[in-house]
4 protein chains.
Amino acid sequence: MSPPPTPATDTRSRILDAAARLFHEQGFNATGVSTILREAGVNPGSLYNLFPSKDALLAAVLERYTELLHPVVMAPVEARTSDPVERVFALLQQYREWFSPLDFRLGCPIGNLALEVADSHPEIRPLIKANFDGWIAYVRKWLDEAGDRLPADLDRDQLAGTVLTIMEGGLMQARSSRSAAAYDASVSQLRSYFDFLLTRGAARPG
Amino acid sequence: MSPPPTPATDTRSRILDAAARLFHEQGFNATGVSTILREAGVNPGSLYNLFPSKDALLAAVLERYTELLHPVVMAPVEARTSDPVERVFALLQQYREWFSPLDFRLGCPIGNLALEVADSHPEIRPLIKANFDGWIAYVRKWLDEAGDRLPADLDRDQLAGTVLTIMEGGLMQARSSRSAAAYDASVSQLRSYFDFLLTRGAARPG
Amino acid sequence: MSPPPTPATDTRSRILDAAARLFHEQGFNATGVSTILREAGVNPGSLYNLFPSKDALLAAVLERYTELLHPVVMAPVEARTSDPVERVFALLQQYREWFSPLDFRLGCPIGNLALEVADSHPEIRPLIKANFDGWIAYVRKWLDEAGDRLPADLDRDQLAGTVLTIMEGGLMQARSSRSAAAYDASVSQLRSYFDFLLTRGAARPG
Amino acid sequence: MSPPPTPATDTRSRILDAAARLFHEQGFNATGVSTILREAGVNPGSLYNLFPSKDALLAAVLERYTELLHPVVMAPVEARTSDPVERVFALLQQYREWFSPLDFRLGCPIGNLALEVADSHPEIRPLIKANFDGWIAYVRKWLDEAGDRLPADLDRDQLAGTVLTIMEGGLMQARSSRSAAAYDASVSQLRSYFDFLLTRGAARPG
DNA sequence: TATGAATGAGGGTTCATTCAT
DNA sequence: CATGAATGAACCCTCATTCAT
């Protein structure tokens, strides 16, 4: 199913790891190919054998993020929280735990790229959207699983998208202030909204 | 109060205008100083006479955004909408009207810079935060003006920050999908939350 | 005789002082006009009113060194040492005392310029030569004053030039090693040569 | 032992040759990297692939001078002169023959750099010192080979250093006057000193 | 396939100098 | 005479990428 772990595979992985890390830490434009080469311990020829361009490498990084969405982002949430509504907040809490030790540096790697390259790299934008769509789909699934605890007339797609909005918008502000407060504020208001929705869901006519 | 419109002032303005536009359109790192110079019709010595570095130019651009917050962003909203709660949504609607004709390209210039340079430019981060703080302060003022139409136990600072979160997070998704839907979704959920809050406010014990 | 101490004279002096110091500390090519302006607290227009170019400023600096040769370099030596032969070594000792506290940084300001600009600035070379000639003339005068203590067939011009050679060559090596040893070595050998010459002078036929 | 003459080696040599020549002709600061590139027929990326900076290129130039000290400077002297004392003056004569046709332009490439960059480039100074030390070591070796023709109590290290002092100081003056006279004067006085020393050596107690 | 030198356009910035006020 | 913005060539260096071995 997967290719054998040839040296080339190792090289490819090392490049992808280095590129993903550096794009996250420094941004796409601020990361030179030579830095990726150095950090991956690879020569330009090798990189350009495997990836036709820096843009193609970015595409591969985003594809990898798509693959990692479940094992890295969603599975841990589902493992430690079973209640579907609580999974929403466990997910938001997970980002807080990731970035709080860094004083909210770095931010969401997908969100960063969304704002940096969405306009300039038309071929990349769909890959960003795919990551967002996948993320939202998990939240949407949980909202579905909440069943009639949530109001029947609730637009669950909209709400799932709003959860991502809260995460990205909250993280942006936390990063700008180097403080959890802005993130926590938005999450707290979302919680308040969910409390209201759950009340309405519970109050449905029998 | 303001410096006289000497040639230098003109040059400074032309540089700031060009830089602000290009940073918005292409991002900070993707914008070369030479492009700014060409678009402003200025030569390098002039720019570096007025701004000690590209980073200092970025700082000046952000200070200008702070100055423009009221006349460009908030005053039009307050002019066309008098109800304080409706002003919140008029503000969000204004962004929609700005970016919808562009298929949600560009995005918020402050938000873009927040994700691109907050970590790499420590001296810039406070200027981004100042823009966010100023934006939030207007929303907070409107929430105050809503008085007891909103619940007494509502944390209005949190809610004001969440309005910015909705704008930034919604715009990010709209940009990634080139569609208003994601933005509208988050605004719509915020409206639903406000409806709930107004209901609770109205239901206060008399 | 001298112009009244107008502000312009002050400005001129401040510029010359700053330029002389910076050319000495950093060299001519490594010193930017803007640095001179900053250190002198002067605007470009002012400098270029008084000196038509950076090269002309260099010429003025060298003329000033010529003026300062007696009061700064030779007078102190003549004041503290009366024996003409000992004045030669007091002069060499004076350079040692100037540069030893600096670990032999900086070196001779004239010698530095001699090697840096003699070829590229034909109009400057004579000014350097004039400084060297003036310096040698003092030594030559002392050798004359030594009268028949030195051999009659000694070429005193040659010997005076050699004293400068010892100073410049010794300082160059001291600067390269950050140590007095190389300078002292050459001076010590010169002393040995003088001892021989004085012996021969004393042994002249009666 | 030496790397194969790959294209890279050729490029490296072309760059080093051009840089050494231009640094000698114009000085370090007055030589632009672009001039080196043009003269070497190389583009910037190539140079910076082989040398991390202009300063590193200067270091390599000085290392090359160290390598060339024997084949270019000392071997010819030893080839044409066998008497060790005469080798000292053959060496000084060789410099005269090199620079006399140029009217004593250019000067000693090491000496020039000593005065231009010793203070500003701490990593370069030891390389200059190494060149001087190597030069002096040859002279010192010849003085040793002169055995008891020279006085037993002579400090031969000091004298060897003084030979370099004479060369550098004499060349500096020759360059400033565009004339051999100043150089010849110092060499002549050194000859006179050597004559004295040889006399004293010969007069040792039997 | 791996290597690392070569490519050459472009990066941000400083240079000495001029000129309008 | 002072001011400081304007000039534009040149500064050193890095970029993403290609290519010969």
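A note on names: the letters A, B, ... follow the listed sequences, proteins ahead of strands, and every chain is numbered from 1.
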| query | Rounded to the nearest 0.5 Å, how far does CG of C:Leu22 lie from CG of C:Asp17? | reply | 10.5 Å
| remark: Here the residues of residues 53-60 of chain D within 4.0 Å heavy-atom distance, strictly under, of DNA chain F are D:Ser53, D:Lys54
| request: Quick one: label C:Thr31 by what it contacts on the DNA or RNA (base, sugar-phosphate, nothing), any heavy atom closer than 4.0 Å. | output: sugar-phosphate
| query | When you match D:Gly41 and B:Val33 each to their closest nucleotide on DNA chain E, which lands nearer the 5' end? | reply | D:Gly41
| query | What pair of heavy atoms forms the shortest contact from D:Pro109 to D:His24, and how long is it? | reply | CD-NE2, 3.5 Å
| query | Is the closest side-chain heavy-atom distance between D:Arg64 and D:Val61 below 4.5 Å? | reply | no
| task | Mind grabbing the angle between the end helix axes of the helix from E:dA2-F:dT21 to E:dT21-F:dA2? Five pairs an end, 10° rounding. | result | 0°
| task | Compare all side-chain heavy atoms of A:Asn112 with those of A:Arg175 and state whether any distance is below 4.5 angstrom. | result | yes
| message | If I take atom CD1 in residue D:Ile15 and atom P in nucleotide E:dA5, what distance separates them, rounded to the nearest angstrom? | response | 11 Å
| query | Looking at C:Thr11, does any N or O in its side chain come under 4.0 Å of the phosphate oxygens OP1/OP2 on F:dC1? | reply | no
| note | Result for side-chain contact (heavy atoms from CB on, under 4.5 Å) between C:Arg12 and one of C:Leu16, C:Asp10, C:Ile15 points to C:Leu16
| task | Report yes if the side chains of C:Leu127 and C:Leu58 come closer than 4.5 Å at any heavy-atom pair, otherwise no. | result | no
| query | Taking C:Asp119 for the side chain and D:Glu25 for the main chain, is one N or O donor matched with an acceptor at less than 3.5 Å? | reply | no
| remark: Walking DNA chain E from its 5' end, the first of B:Asn29 and C:Thr35 to be reached, judged by nearest nucleotide, is B:Asn29
| query | Between F:dA16 atom P and A:Phe51 atom CZ, what is the distance in whole Å? | reply | 15 Å
| said: When you compare the side chain of C:Phe28 with that of C:His121, does any pair of heavy atoms fall below 4.5 Å? | reply: yes
| query | Separation of B:Arg14 atom CZ from F:dA5 atom P, in whole Å? | reply | 14 Å
| message | What is the separation between atom CD1 on C:Ile36 and atom P on E:dT14, rounded to the nearest whole Å? | response | 17 Å
Each nucleotide N or O in nucleotides 8-10 of chain E that has a protein N or O under 3.5 Å away: list the pair and distance.
from: E:dG8; atom 1: O6; to: D:Gly45; atom 2: N; distance (Å): 3.4

| Tell me: CG of C:Asn49 to C1' of E:dC19, nearest whole Å? | 11 Å
| task | Calculate the interatomic distance between B:Leu37 atom CG and F:dA6 atom P; express it in whole Å. | result | 12 Å
| task | Find out whether D:Leu62 and D:Ile124 are in side-chain contact, i.e. whether some heavy atom of one side chain is under 4.5 Å from a heavy atom of the other. | result | yes
| task | Could you state the atom-to-atom distance from CG of A:Leu47 to C1' of E:dG4 in whole Å? | result | 14 Å
| field | Residue pair C:Glu39 / C:Arg14, side-chain heavy-atom distance below 4.5 Å | value | no
| task | Taking the side chain as every heavy atom from C-beta outward, state whether B:Leu47 and B:Lys54 have any pair of such atoms under 4.5 Å apart. | result | no
| So do the side chains of C:Glu116 and D:Leu115 get within less than 4.5 Å of each other, counting heavy atoms only? | no
| query | Taking atom C1' of E:dC15 as reference, at what distance in whole Å does atom CZ of C:Phe28 sit? | reply | 12 Å
| query | Between D:Tyr48 and F:dT14, does any side-chain N or O lie under 4.0 Å from OP1 or OP2? | reply | no
